[in-house]
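Report on the structure given below.
Just so it is clear: chains get the letters A, B, ... in the order the sequence lines come, proteins before strands, and each one is counted from 1.
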Amino acid sequence: GAGVSQSPSNKVTEKGKDVELRCDPISGHTALYWYRQSLGQGLEFLIYFQGNSAPDKSGLPSDRFSAERTGGSVSTLTIQRTQQEDSAVYLCASSLVLSLETQYFGPGTRLLVL
Amino acid sequence: SQQGEEDPQALSIQEGENATMNCSYKTSINNLQWYRQNSGRGLVHLILIRSNEREKHSGRLRVTLDTSKKSSSLLITASRAADTASYFCATVPPNDYKLSFGAGTTVTVRA
């Protein structure tokens, strides 16, 4: 596609439920990144993938968070047993290769946990 | 945790005026990038400046970098209403790929 796409755009869920957020990177981009933007913490890095591999998971806030990437393309961020503090905008970005250059961001998924 | 601090937090200017915002960071960097965000959604990359560069231009944007002071500035010249947005600086440490963002500056351009 022309840009990074994310779905859903908005998600409202009840505390304790699991949610899955999806990211479709720009076609041909091998590197994919997840960030979270919340009122209290600003923009924070969560995890990145080079191909299907995630070498550094230290940014994930708790073990309720997990992410996977299949086929070197689509990635899913899963939050289990959601808590109210998980409410945030989850942003995905991709780049052609894992590099120190520009990352292209998707529109984000706004998650609200009630 | 955030690497950078941005100043000011908010800025309101008249159309046609220049807008300047500053970013300070704490650790060494490979490069520093500026992004724009409209309405709290996707980030748009504006400009990247490497640690060995001091100044860079892109259209109406001018970015400076002072690694000795660990600071950067973004100047938007001849502002337009469409420049109304939040602006974030983000740093990339050496040998790493994570962007560490500042808290952002909200710019409002009045017509």
Side-chain angles (χ1 to χ4, degrees), chain A residues 2-10 23 25-26 29-51 53-61 87-112, chain B residues 1-10 21 23-53 56 58 61 63 65 67 85-106:
Chain A
V4 178
S5 61
Q6 293 185 245
S7 60
S9 297
N10 296 281
C23 172
I26 293 172
H29 279 197
T30 64
L32 185 148
Y33 315 79
W34 283 98
Y35 295 84
R36 178 171 75 169
Q37 186 174 26
S38 57
L39 281 176
Q41 299 295 323
L43 271 155
E44 54 181 339
F45 167 83
L46 297 179
I47 191 169
Y48 74 80
F49 288 88
Q50 171 57 37
S53 172
D56 181 2
K57 300 180 181 179
S58 63
L60 294 175
S87 296
V89 177
Y90 290 82
L91 293 161
C92 175
S94 70
S95 60
L96 188 59
V97 294
L98 188 66
S99 70
L100 305 171
E101 301 292 321
T102 302
Q103 297 178 16
Y104 297 89
F105 281 80
T109 293
R110 189 180 298 277
L111 175 67
L112 178 61
Chain B
S1 60
Q2 291 176 312
Q3 152 89 300
E5 297 285 336
E6 294 189 54
D7 167 56
Q9 290 186 347
M21 59 210 86
C23 167
S24 60
Y25 56 93
K26 299 178 180 132
T27 62
S28 60
I29 61 171
N30 175 281
N31 66 66
L32 184 145
Q33 304 177 30
W34 284 90
Y35 286 82
R36 186 185 72 222
Q37 186 178 43
N38 292 85
S39 305
R41 299 310 289 260
L43 290 157
V44 175
H45 180 263
L46 296 176
I47 198 165
L48 180 153
I49 186 165
R50 300 181 199 287
S51 59
N52 61 353
E53 296 175 313
K56 211 160 180 183
S58 177
L61 306 179
V63 167
L65 179 65
T67 53
S86 292
Y87 292 82
F88 294 87
C89 68
T91 54
V92 179
N95 304 314
D96 202 348
Y97 308 104
K98 310 167 193 172
L99 289 171
S100 293
F101 287 89
T105 294
T106 301

* What option among B:L48, B:V92, B:V44 has the most heavy-atom pairs under 4.5 Å with chain A? -> B:L48
* Checking side-chain contact (heavy atoms from CB on, under 4.5 Å) for the pair A:Q37/B:L43: CA distance, chi angles, key distance, verdict? -> CA-CA 11 Å; A:Q37 186 174 26; B:L43 290 157; 5.8 Å; no
* **Residue B:Q9 excluded, over 12 heavy atoms near CD under 6.0 Å** => no
* Asked: In terms of heavy-atom pairs under 4.5 Å, which option from A:V4, A:D56, A:I47 contacts chain B the most?
  -> A:D56
* Flag yes if more than 12 heavy atoms outside B:N52 fall under 6.0 Å of its CG atom; otherwise flag no. => yes
* To do: Quick one: closest heavy-atom pair of A:Y35 and B:Y97, and the distance?
  => OH-O, 4.3 Å
* Which atoms of A:Q103 come close to chain B, meaning under 4.5 Å heavy atom to heavy atom: side chain ones, backbone ones, both, or neither? -> both
* Asked: A:T102 and B:Q33: which non-hydrogen atoms are nearest, and at how many Å?
  -> CA-OE1, 4.1 Å
* Asked: Quick one: OH on B:Y35 to CZ on A:F105, what's the gap to the nearest 0.5 Å?
  -> 5.0 Å
* Asked: Which residues satisfy the side chain to side chain donor-acceptor pair (under 3.5 Å) test with A:S95, sequence neighbours excluded?
  -> A:Y33
* **Heavy-atom closest pair, residues B:L99 and A:F45** => O-CB, 4.1 Å
